[in-house]
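These figures come from a predicted structure and were not determined experimentally. By convention in this document, chain letters (A, B, ...) are assigned in the order of the sequence lines, proteins followed by strands, and residues within each chain are numbered from 1.
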There are 2 protein chains.
Amino acid sequence: MDDIEALRDFSRFYTQRLGLLGQSYLGSGLGVTEVRVLWELAFGAQGSAREIAERLGLDEGYLSRLLAGFEKKGWIVRAPDPEDARRRLLRLTGEGKALAASHDKASRAAVGGFLGQMSPDARALLGDGLARVKQAFNPPEACELKDLAPGDAGWIVERHGLLYARDEGYDATFEALVAEIMADFLRSHDPARESGWIAWGGGRRLGSVFCVSRGEETAQLRLFFLEPEARGLGLGRMMLDACLTFARDKGYRELVLWTHESHAAACRLYDKAGFERIGRRAAQEFGQDTVIIDYRIDL
Amino acid sequence: MDDIEALRDFSRFYTQRLGLLGQSYLGSGLGVTEVRVLWELAFGAQGSAREIAERLGLDEGYLSRLLAGFEKKGWIVRAPDPEDARRRLLRLTGEGKALAASHDKASRAAVGGFLGQMSPDARALLGDGLARVKQAFNPPEACELKDLAPGDAGWIVERHGLLYARDEGYDATFEALVAEIMADFLRSHDPARESGWIAWGGGRRLGSVFCVSRGEETAQLRLFFLEPEARGLGLGRMMLDACLTFARDKGYRELVLWTHESHAAACRLYDKAGFERIGRRAAQEFGQDTVIIDYRIDL
DNA sequence: GGATAATAGTTGACGGCGGCAAGTGACTGG
DNA sequence: CCAGTCACTTGCCGCCGTCAACTATTATCC
């Protein structure tokens, strides 16, 4: 099954199994669209009817009627806009807010009941899948660095192994090297002077960075990685800064690292952050000819 | 954001961004429901109107009218069922089949165009996410064993690290041990007499199993793992059999393995497969008191 | 075997969803 | 000041889908 077929299949599956869920207009006597509009009024960005219609993909005429109905029921007031007499400012009344809140609560309960029937494993799998689908369309804006948790080290090995094989043609010995580095780190790193982090964003691991000791005064940055979809968004810079801050706090005087010349984006990042290139050496590693660049920076 | 909120959020997102896609009734002049019915007639299991109504969640009366329309347009014929005069056998005409096929093609093209705008990375992420969501509801029925590919070793480390920490309370040294085992295997296993496999099902990795040498005549089974959602479906037995077959083919005379007594399901599997318990020893490992069972079987 | 219930399907009535297009008053740019 | 645009409204209408009544057939139970 190719990915076109996979998406079509999922779409059929979704409309059958999950379609009813999100709206969960059950019991409220409200239609699906009414609920969506109400939700937009209550929790979405403030805006004119025009904007709401656009956001929800509704016909303006239809929305106008819906809003008239809302007003008649006392859920909203439509006051003339002093700045533009064509527009009308939409505002929920107390009653409207209460309705939105109660509906929100009911919907939460319905979804909770649905999830409650699933096993914890299936729920975890579902959450994981949803996060991925969503990120495929909305790149993450921010990420948070967290200390290594169980499974993180393996994830680092996997992503390094897969992406360096795909993008650089490295063979399996590279994945083995990363696995060994991680095994060493897990077993015998010095928590007082060394640390590793996973960048989390949108419910998913997006990258990794490690700061380890190369002597009393020298720290080394290793295993700096970002998922391809998360590159070019400034997350790398944030991770690098976090690592520099850690190294300074721990009393190191300089930080070194090496990377491959072919990683243009990474090299640009280090150059811009004030690192200086202190070496350039050719090497044959992992079944490929590579050029390694050594960097350092004063802390 | 907890998982209830995540699902609600996804649902909103889906109706906005992807809702139109699946149906893709664009241009055909057909309504969403008509397309679904047509699809069911063309590609779904054969059945009465009643069954189709049930499968698609439609009102019988409404469906009856739809089918009458289809017949009038020459897409289907409704012949009386010789076995049950209440029923009518539904069959697509040549014209109906052609319509379904052309619509299927158009829909494929529409989805393809949509996916074509995405980056390959995003597409991969999407496919991965969809597979997970779907498996959260439909457990995989079958799996296929594949040789180790880039990233697989890391995945094994991750899953062992995460699940043994969660279920058994093991500390990080367990993940380190698995990482080291994988590093050794990748670097220096004997491809002629040793192998490792990943079980794939539903577009996802579901488990792992390895067969390695412990001398000329003795093979060892290691890193036997199945995702929790994929347990109890007979996949484990299939993987075990594949490993036994491999060991026999390579000329080993016996296969040994050890596991923890707390893995009731795994122990049952080995017992049922004809393994004999040759040892039972207490050990303190990975921050926990454990009981290890040694197994062996003649090949 | 006959009353009764269940099943497959049809039909009419009806309400709500939502698209389309014409219309109204207000703003904007030349 | 006039044409064009914009935010919104309104009337019209078709489609989607529900409900309930109805027919014809089959299954069930005593």
For [X] and [N], give me the distance from atom [atom1] to atom [atom2], rounded to whole Å.
X     : N      : atom1 : atom2 : result
A:L90 : D:dA7  : CG    : C1'   : 11 Å
B:E51 : C:dT7  : CD    : C1'   : 12 Å
B:E60 : D:dA20 : CD    : C1'   : 13 Å
B:R50 : D:dT26 : CZ    : P     : 17 Å
B:E54 : C:dT7  : CD    : C1'   : 12 Å
B:L89 : D:dT25 : CG    : P     : 15 Å
A:L58 : C:dC20 : CG    : C1'   : 15 Å
B:I52 : C:dT10 : CD1   : C1'   : 16 Å

**Request:** For C:dT10, take OP1 and OP2 only and decide whether either is under 4.0 Å from a side-chain N or O of B:R78.
**Result:** yes
**Asked** Among residues 61-75 of chain B, which residues get a heavy atom nearer than 4.0 Å to DNA chain D?
**Response** B:Y62, B:R65
**Message:** Within this structure, what is the NE2-CH2 distance for the pair A:H103 and A:W39, rounded to the nearest 0.5 Å?
**Reply:** 12.5 Å
Should [X] and [Y] count as side-chain neighbours, where that means a heavy-atom distance under 4.5 Å?
X      : Y      : result
A:L126 : B:R132 : no
A:L41  : A:I52  : yes
B:D121 : A:R231 : no

Looking only at side-chain atoms of [X], point me to the closest of [options].
X     : options               : value
A:D84 : C:dC27, C:dC17, C:dA8 : C:dC27
A:A85 : C:dC27, C:dC20, C:dG9 : C:dC27
A:D59 : C:dA8, D:dC8, C:dG19  : C:dG19

**Request:** Kindly say whether A:R159 contributes a backbone atom to a donor-acceptor pair with the side chain of A:E227 at under 3.5 angstrom?
**Result:** no
**Asked** Can you find a donor-acceptor N/O pair under 3.5 angstrom joining the side chain of A:R86 to the base of C:dC27?
**Response** no
**Request:** Before accepting this row, confirm whether a basic side-chain N of the pair A:D2/B:R123 lies closer than 4.0 Å to the acidic partner's carboxylate O.
**Result:** no
**Asked** Would you call A:R205-A:E158 a salt bridge at under 4.0 Å N-O?
**Response** no
